[in-house]
Every structure is written in structure tokens, then in C-alpha cells.
Amino acid sequence: MTDLLAVDPRRPEAAVIARAADCLRRGGLVAFPTETVYGLGVNAFDEAAVRRLFEAKGRPAVDPLIVHIADAAHLPLVARTVPASVQALAQRFWPGPLTLVLPKTAAVPGAVTAGLDTVAVRVPAHPVAHALLAAADLPVAAPSANLFSRPSPTTAAHVLQDLAGRIDMVLDGGQTDVGIESTVLDLCGPVPTVLRPGAVTIAMLRELLPGVVAREASRDARDGAMPSPGLLTRHYAPRAPFTLYEGADHARVCARILAAARVALGQGQRVGVLAADEDVTALTAEPALHVVTLGSLYALDTVAARLYAALRELDAAGLDVILGHGFPAGGGMGLAVRDRLRRAASGHVVTVDTD
Ligand code: TXA
Ligand code: MG
């Protein structure tokens, strides 16, 4: 049985938080909203609970978890050494969607870190997450609260779709704000490296860490390096084959999608399109298409917030093929949106030339 508890996302009720914190302290599995996506939390120091969490998600043990703390002052519980840069980073970006990879303390079980000597840590900004961490008075290991190979959940309903009956409790605090998982910044190597792009952008990090670089997942695969094991395991991909169309000329990209869609429709296939608002008029030419829009090409925060719900909707529609419009990777959430779309496409990316 999974208990579903409604909670005020801005002023979480103390009684609800106390129940959830008690569940965590007893080794339970509690899903809760963060500002990025819903997390599935357990006491990070309780190895048996951590193992149950991997089992509930069907997650491979090689994929390490993020440990959530209520305040940067709790870092020494989980991080053995704290590089000088951390204070400034924490001051600027915590609480918020930035995860730091640091050397771990002996107290953090290897089950949390997939046997690595490092631990990923963040201080979430969502009032419910913060209240829960403070009440439990524990570091809480929490991956996204989805089944392995499904999109991260941005609502409590998504969590229940995947994990009803497999976890103890879900705190329903409504839809999450950012919609895409936190930026992961590795501070253990010679150069500070962004392992996963998110709402805290490289440009924002560069103000404090001029040498910060982005790690390309494709380069890791080529070199055989394993800086972030979880990022190399099979990621979410829709059930139907998904092809992403990228290009600077958005009308051309849309025309290309429409052409590919017509071929598939002609073969009797059910076709879904993950579209930008700007595509909608052109796509109405084919009423048989299942069109899901993410927002304007120039409203990337909205696109990020809707992305995972849209992928779930397309999955549920029973399609044979899905065609997606790539969004500009330039500023803000652009890089993070492109990263998640490319992962969903598992490398099936068509570049549409400008002429
Ligand atoms: O926004 C988020 O980060 C959400 C919310 C719930 O906080 N959590 C989340 O967790 O996305 P998860 O487990 O889905 O993704 C965590 C990723 C892993 O896949 C891995 O790539 C990276 O963080 N990671 C964790 N520990 C690491 C470590 N020691 N070294 C390198 N990367 C690590
Ligand atoms: Mg995840």
C-alpha cells in the first residue's frame, strides 16, 4: 500500500511532514516534490533501505544516488573534504538545482554511491523537500521517483503511475517547477566538470568557476571513461522509436517532420509529434497526427517544465513512431532540454541544414 498525502507546496503542514519524516526514519520509501522533479527518498545511512529503493525503481546498482541535505552546514556528514570553491557555490546556488560531486565520508554506504569514493549532494529549494529533510534530520538519498527507463516524474500522479504499491508514501505538492533534473557538477577531478546540464547553467557556474567545462556523454562513451556511471546506463526512451529533428531554420525542421510523418502515415502507422508552438499551424495539415506541444521555441523554461509529462503522454498514446522538434540550445535551459531530448532519441538525431 502506498499512502498518498496532499501537502501545501508553499506552507507544508507540520503534521503531514512529521508522518513522512517518521516513515523515513523507520527505513521507509517516501516520494516528495523538489523544485526539479519528484524524488524517491530513503535514509542515506540505512543500507537496507537503500537496497529496497533500488529494487522498487528497478534501477541497476551501478547508478549512484544523489544525497539531499537540509542545509550546506550538514555537508561534513557526507563529504570528507570540501574544496574551497564549495562555499561560494553553496552561497549562490543552494538551496537550488545544483548537485555537487565530492569525496564521500565513510558513513555513506557504498550502495548509495555505486561503490564510488565520491558522493553527489544537493540542498533542494522546494519548501516540502526542505521541511521533510529538516524534520527527518537525516541525509536523504533520492533518485527521481520513476521506474528505471521511464521519464522523471513532475507530478504525484506520475509517481503513482510507476511506483504505486512499491513505495510507502507519496507527498503530493502539485507540479514541480523546473521539470528537469538538477545540474550535476563534479568537483573531484582536475577540472570542474558539468556531468549533467540543468537549470544552473555553465554560464552561471563560470562566474564563480572560470575553468568549468561540460562533459559530453558521447565523448565518454567513445573514450570508455566512466565519470558518472549513471549517465551511461540506458536512459529513458519512448516505447515507440523516437527521432529528433534539429536545425536553426525552424520552418524547415517542421517541414521535414511533416514530410517524414506523411511517409509513416501512408504506411498506416500511428504517428506522434513532439512539437513547438510555432509548428502547430503547419501540423494541422495532417489531422491524423497525435501532436503534443511543449511551448514556444523561445520559452525554454516552459518547455523544460512540460517535457517529461509530454513524453509520458506520447508513451500512453500507443504510437508506432514519434518525431520531435529540437529546441534551440543557446541560453538558459536550452542545453538541458537538448540533452534530455537527445537521450530520449537515443542518438537518432537528424540535422536539418539551413539550405
Ligand atoms: O534534480 C535532481 O537531481 C533529482 C531530484 C530528486 O533531486 N534527482 C535525480 O536523481 O535526478 P537521479 O538518481 O535520477 O540522477 C542522479 C545522477 C546519476 O544518474 C548520476 O549520473 C549522478 O547523478 N551521480 C550520482 N552520484 C554520482 C557520483 N558519485 N559521481 C558522479 N555522478 C553521480
Ligand atoms: Mg533519474
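Every heavy atom of this structure was used, including side-chain atoms; hydrogens, water molecules and symmetry mates were not. This is a predicted model, so every value here is computed, not measured. Start at 1 and go down the list; that is how both ligands and their atoms are numbered. Residues take their numbers from the sequence shown, with the count starting at 1.
- Classified by interplanar angle (parallel below 30°, tilted 30° to 60°, perpendicular above 60°), the ring pair His250/His325 is tilted.
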Would Arg340 and Ile180 count as a side-chain contact (heavy atoms from CB on, under 4.5 Å) here? Give the steps. CA-CA 8 Å; Arg340 302 315 190 275; Ile180 281 184; 3.3 Å; yes
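- In terms of N/O distances under 3.5 Å, ligand 1 is not approached by Tyr38.
- Atoms of ligand 1 found under 4.0 Å from any heavy atom of Leu116 (numbered from 1 in listed order, with element): 28 (C), 29 (N), 30 (N).
- Listed by number with element, the atoms of ligand 1 under 4.0 Å from a non-hydrogen atom of Gly39 are 6 (C).
- Between Leu53 and Leu40, the closest heavy-atom pair is CD1-O, 3.2 Å.
- Under a 4.0 Å criterion applied to the non-hydrogen atoms of Thr118, ligand 1 contributes the atoms 28 (C), 29 (N), 30 (N).
- Within the 3.5 Å criterion, the main-chain N or O of Asp8 finds a donor-acceptor partner in the side chain of Glu13.
- Of the listed residues (Ser144, Ala129, Gly179), the one carrying the non-hydrogen atom nearest atom 12 (P) of ligand 1 is Ser144.
- Thr36 and Ser182 form no side-chain donor-acceptor contact under 3.5 Å, judged by distance and modelled atom types alone.
- Atoms of ligand 1 found under 4.0 Å from any heavy atom of Ala120 (numbered from 1 in listed order, with element): 25 (C), 26 (N), 27 (C).
- For the ligand labelled ligand 1, residue Leu195 lies inside the 4.0 Å heavy-atom shell.
- Excluding waters, the protein N/O/S atoms found under 2.8 Å from the Mg ion (ligand 2) are Ser144 OG.
- Side-chain polar atoms of Glu35 and Thr176 form no donor-acceptor pair below 3.5 angstrom.
- Remark: distances from the non-hydrogen atoms of Thr113 to ligand 1 are all 4.0 Å or more.
- In this structure, a donor-acceptor pair under 3.5 Å is present between the side chains of Thr34 and Arg122.
- Those atoms of ligand 1 with a heavy atom of Asp63 less than 4.0 angstrom away are 18 (C), 19 (O).
- In terms of polar-atom proximity, Thr34 is not counted as a contact of ligand 1, lacking any N or O under 3.5 Å from an N or O of the ligand.
- Remark: the Tyr308 side chain and the Glu181 side chain contain an N/O donor-acceptor pair separated by less than 3.5 Å.
- Close approach of ligand 1 to Leu65 is summarised as follows: ligand atoms under 4.0 Å from at least one heavy atom of the residue are 25 (C), 26 (N).
- Contact record, Thr105 with Pro76: CG2-O, 3.4 Å, taken as the closest heavy-atom pair.
- For ligand 1, the atoms closer than 4.0 angstrom to any heavy atom of His68 are 5 (C), 6 (C), 7 (O).
- Tyr236 and Asp315 are linked by a side-chain donor-acceptor pair at a separation below 3.5 angstrom, with hydrogens and angles left out of the test.
- The closest approach between a heavy atom of Arg122 and any atom of ligand 1 is below 4.0 Å.
- Contact annotation: the side chain of Val352 never approaches that of Asp249 to less than 4.5 Å [non-hydrogen atoms, C-beta and beyond].
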Walk me through it: do Glu278 and Ser296 pass the test side-chain contact (heavy atoms from CB on, under 4.5 Å)? CA-CA 6 Å; Glu278 286 83 348; Ser296 165; 2.7 Å; yes
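- For Arg59, every heavy-atom contact with ligand 1 shorter than 4.0 Å involves the side chain, none the backbone.
- Heavy atoms only, all atoms of each residue included: Arg252 and Asp353 are closest at CD-O, 3.5 Å.
- Within ligand 1, the atoms closer than 4.0 Å to a non-hydrogen atom of Thr36 are 1 (O), 2 (C), 4 (C), 5 (C), numbered from 1 in the order shown.
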